[in-house]
Amino acid sequence: MKDEKVIPQTKFTSHSVNMTDRKKAVMTGVAKVDGATDTEIELTTALGRLLVTGTGLKIAKYDDTDGNLTLLGNIDSIKYAAAKAPLLKRIFK
């Protein structure tokens with residue numbers, strides 16, 4: 001059996017990121033905020049999981065009905081990550 005990546009279903013079909021001077025990022029298609037600290041923000045988007053790292057990060061605005069998110073801080077990286085396989089699939093490889 002081949003290893004398939006599972007991408008969670010979201011109500012959004014597209015996703016965009018608009019960053020200004022590495023200090024502000026405006027995103028669309030954000031389904032859920034999975035976790036947030038001042039150095040890392042984890043999101044679930046229409047295209048999979050997204051990890052934003054930096055310093056002084058904070059979510060300025062998030063509207064879960066339309067999927068728009070604005071974050072502020074010193075942004076070092078934005079990285080898309082593969083979705084985790086379901087727990088049972090990881091246990092019984």
State the [atom1]-[atom2] distance between [X] and [Y], to the nearest 0.5 angstrom.
X	Y	atom1	atom2	answer
Lys23	Leu72	NZ	CG	11.0 Å
Lys32	Asp64	NZ	CG	12.0 Å
Asn68	Asp63	CG	CG	6.5 Å

Taking atom CG of Asp21 as the centre, report whether more than 12 heavy atoms of other residues, nucleotides or ligands fall under 6.0 Å from it.
-> no
For Thr45 and Gly29, indicate whether the former's side chain and the latter's backbone hold a donor-acceptor pair under 3.5 Å.
-> no
Hey, any chance [X] and [Y] share a hydrophobic cluster, counting ILVMFWY side chains that come within less than 4.5 Å of each other, even indirectly?
X	Y	value
Tyr80	Val33	yes
Val26	Val30	no
Leu51	Val17	no

Side-chain donor-acceptor pair under 3.5 Å between Asp76 and Thr53, yes or no?
->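 Asp76 vs Thr53: no donor-acceptor pair found between side chains.
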Student check: side-chain heavy atoms of Leu57 and Ile75 closer than 4.5 Å = yes
Can you check whether Leu43 reaches Arg49 side chain to side chain, under 4.5 Å on heavy atoms?
-> no
Which heavy atom of Ala46 sits nearest a heavy atom of Ser14, and at what distance?
->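 Looking at all heavy atoms of both residues, the shortest contact is CB-O, 3.6 Å.
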Out of Lys79, Met19, Met27, Glu40, which residue meets the side-chain contact (heavy atoms from CB on, under 4.5 Å) rule with Val52?
->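 Checked Lys79, Met19, Met27, Glu40 against Val52; only one passes side-chain contact (heavy atoms from CB on, under 4.5 Å): Met27.
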